[in-house]
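Below, each value reflects all heavy atoms present in this structure, side chains not excepted, and no hydrogens, waters or symmetry copies.
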Amino acid sequence: MIKKITAAVLALSLIALSGCSGGSIYSNYREIEQLVVIQTMGIDKTDDGVCLSISSGSIGGGSSGSGDGGAGDGVQSILRMSAKAKSLTVAQESIQDYSPGEQLFFGHVNYIALGQSALESGVNDYFDYIKRDTSFRLNIPVFAVSGGSAAELVLGTGSSDYDATNALRSIERNLMLRGDSYLFTAAQIAANMDANGAALISAVRCVDAKESDYEAEEGELTTLPDGYIIIKDGKSAGHIPFEMARGVNILRSEASPSSVELDGATVQLDKCKCEIKPVLVGGRLEGLDISIDADAALAELRQNRKPEELSAELEAEIKSWIVYVLDKSVETGCDFLQLGSALEMQEPHRLRGMTEGFGGVLPGIYYNVSVQADISRSFDLDIPEDGHEV
């Protein structure tokens, strides 16, 4: 008897559901062919609101109202659009209203770019938007467009097949392979800002593609890594240039293999271990001892150099990165490296509260930086100990 009642209730439920939304239990149901997957999104601040820019990227499946591709050809051409509005929500709805027939799908956004105007005016509202909107994943990598607009990066100029998604994906892959910089996600940036009001965002800049590609179209853009933008109290507070960005990776103990140009030689930095210890005097933080052990392999030798000379030069180069980044933290008065949190974990009783207040403490303490570098003789290159040719 119970089984019959259950079956009857289930049957009635299915009949009721089948009458909704044309036979679907989802009111916003769309065929896959009607979806345009948005992969890159850019945000700029305007005088009275925001400018939202989107790019679908070229992927298999679906159709688009832009470019040469179309329904049935198996390739989605690149859809690029932008809209200005009082809020991001209204701008997103406006883009949907003007899209050429398809439903825009934001569930697979791979990259978000923040333009210079957004960085200067404040990014807190934009990260709140990302966190609250269920369409977005919190592990989306975020880029800062230093000195330019996100619309320029996302929409491009001068090329009909410009693909911002491919450009940013290439940068992400190269940064991971070379260890030049670290790409923070929306969740990491938001968490760092919540912890002590400071964070880093990986920066890029748009340049004329003809600088590197003579076949590029007139006005065509390309995107290059540009270090980090420092965020303090929700706004941009400084810039760490690309050539110094590896200091951030080393201090965060996340350095990856990368090439370093020395005088007459190129070495491949392999491992770089960083240890930071607080110097306490009478229970008070007086300074930091930062010791770095680096291993490198010789990649190219253009002139005779003694091994100890190369090691000393590499040590000086690494130290310059570290000192620059620490000086930048002192200059901006913010702990964008989250060193206070690491120190508090080492000494939870004596350094209580350092997570939030280290940015104000750092200018009043000293830091010693010592680097020990070992360069192995790889690729069968013979470096005579006396520096003379064999």
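Under the 4.5 Å side-chain criterion, counting only non-hydrogen atoms from C-beta, L269 is in contact with I318. A heavy-atom distance below 4.5 Å is not found between the side chains of E344 and S341. Taking the side chain as every heavy atom from C-beta outward, S55 and L79 never approach each other to under 4.5 Å. Side-chain contact between F336 and S329 is present, with at least one heavy-atom pair separated by less than 4.5 Å. Looking only at side-chain heavy atoms (C-beta outward), M41 and L52 come within less than 4.5 Å of each other. Side chains of F358 and L285 form a contact here, defined as non-hydrogen atoms less than 4.5 Å apart. Side-chain contact between P278 and Q346: present, with at least one pair of heavy atoms (C-beta onward) separated by less than 4.5 Å. Side-chain contact between F127 and I112 is absent, with no heavy-atom pair separated by less than 4.5 Å.
At a cut-off of 3.5 Å, with distance as the only test, no side-chain donor of R80 or S56 sits close to an acceptor on the other residue. There is a side-chain donor-acceptor pair under 3.5 Å between N166 and R169. Side-chain contact check for E254 and N249: no donor-acceptor pair (N or O, by modelled atom type) lies under 3.5 Å. Side-chain polar atoms of S259 and Q268 form a donor-acceptor pair below 3.5 angstrom. With no hydrogens or angles considered, no side-chain donor-acceptor pair links Q96 and Q92 at under 3.5 Å.
If you run side-chain contact (heavy atoms from CB on, under 4.5 Å) between L119 and each of L114, I230, V145, only L114 comes through.
The shortest non-hydrogen separation linking A373 to E315 is N-OE2, 2.9 Å. Minimum heavy-atom separation, Q116 to S236: NE2-OG, 4.3 Å. Residues L175 and P225 come closest through the heavy atom pair CD2-CB, 4.1 Å. Of all heavy-atom pairs spanning I229 and S146, the tightest one is CD1-CB, 4.1 Å. In plain terms, the two heavy atoms of F143 and I171 that are nearest each other are CE2-CG2, 4.0 Å. The two residues L310 and A265 make their nearest non-hydrogen contact at CD2-CB, 3.8 Å.
Around atom CZ of R302, more than 12 heavy atoms belonging to other residues, nucleotides or ligands sit under 6.0 Å away. H239 NE2: more than 12 foreign heavy atoms inside a 6.0 Å radius. Residue E356 qualifies as open at atom CD: its count of foreign heavy atoms under 6.0 Å is 12 or below.
A salt bridge is defined here as a Lys NZ or Arg NE, NH1 or NH2 lying under 4.0 Å from an Asp or Glu carboxylate O, and D226 with R205 meets this definition. A salt bridge links K277 to E275: at least one charged side-chain nitrogen sits closer than 4.0 Å to a carboxylate oxygen. Using a 4.0 Å cut-off between charged side-chain N and carboxylate O, R350 and E347 make a salt bridge. Here K306 does not pair with E313 in a salt bridge; the nearest charged N to carboxylate O distance is not below 4.0 Å.
Linking Ile, Leu, Val, Met, Phe, Trp and Tyr whenever their side-chain heavy atoms come within less than 4.5 Å leaves V279 and L251 in two separate clusters. In the hydrophobic cluster analysis, where Ile, Leu, Val, Met, Phe, Trp and Tyr join through side-chain heavy atoms closer than 4.5 angstrom, L326 is grouped together with Y324. By the criterion of side-chain heavy atoms lying less than 4.5 angstrom apart, applied directly or through intervening Ile, Leu, Val, Met, Phe, Trp or Tyr residues, I95 is grouped together with I140 in one hydrophobic cluster. Transitive grouping of hydrophobic side chains (ILVMFWY, heavy atoms separated by less than 4.5 Å) brings L288 and V369 into a common cluster. Following chains of ILVMFWY side-chain contacts shorter than 4.5 Å, one can reach V330 starting from I250, so the two form part of one hydrophobic cluster.
For the pair N110 (side chain) and Q39 (backbone), a donor-acceptor distance under 3.5 Å is absent. A distance-only check finds a donor-acceptor pair linking the side chain of K232 to the backbone of T332 [under 3.5 Å]. Put simply, the side chain of N192 never gets that close to the backbone of G197: no donor and acceptor are under 3.5 Å apart. Side-chain atoms of Q338 come within 3.5 Å of backbone N or O of A198 as a donor-acceptor pair. A donor-acceptor distance shorter than 3.5 angstrom exists from the side chain of D335 to the backbone of G340, with no hydrogens or angles considered. The closest donor-acceptor contact from the side chain of T185 to the backbone of N139 lies at 3.5 Å or more, if one exists at all.
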Residues E331, D327; criterion side chain to side chain contact (heavy atoms under 4.5 Å, CB included); working and verdict: CA-CA 6 Å; E331 176 188 325; D327 285 347; over 6 Å; no

List the steps and the verdict of side chain to side chain contact (heavy atoms under 4.5 Å, CB included) for S121 and Y126. CA-CA 11 Å; S121 62; Y126 307 135; 4.2 Å; yes

Check against side chain to side chain contact (heavy atoms under 4.5 Å, CB included), E286 and I365: CA-CA 5 Å; E286 295 289 341; I365 65 175; 5.8 Å; no

For side chain to side chain contact (heavy atoms under 4.5 Å, CB included), just list the numbers for V109 and T40, CA-CA rounded to whole Å, side-chain angles, deciding distance to a tenth of an Å, and then say yes or no. CA-CA 6 Å; V109 172; T40 300; over 6 Å; no

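Put simply, SG on C206 and CG on L153 are 4.0 Å apart, with the number rounded to the nearest 0.5 Å. Note that the CG atom of L200 and the SG atom of C334 stand 8.0 Å from one another [nearest 0.5 Å]. In this structure, Y367 OH and L362 CG are separated by 6.5 Å, a value rounded to the nearest 0.5 Å. In this structure, S320 OG and E243 CD are separated by 10.0 Å, a value rounded to the nearest 0.5 Å. Here CG of L343 is found 9.0 Å from OG1 of T355. Values are rounded to the nearest 0.5 Å. Taken to the nearest 0.5 Å, the CD1 atom of I38 stands 15.5 Å off from the OH atom of Y111.
Pairs of residues two or more places apart, or lying in two chains, that qualify as salt bridge (Lys or Arg N to Asp or Glu O under 4.0 Å) and include a residue from residues 126-140 are D128-K131.
A cation-pi geometry, defined here as NZ or CZ lying under 6.0 Å from the six-membered ring centre and within 45° of its normal, holds between R252 and Y182.
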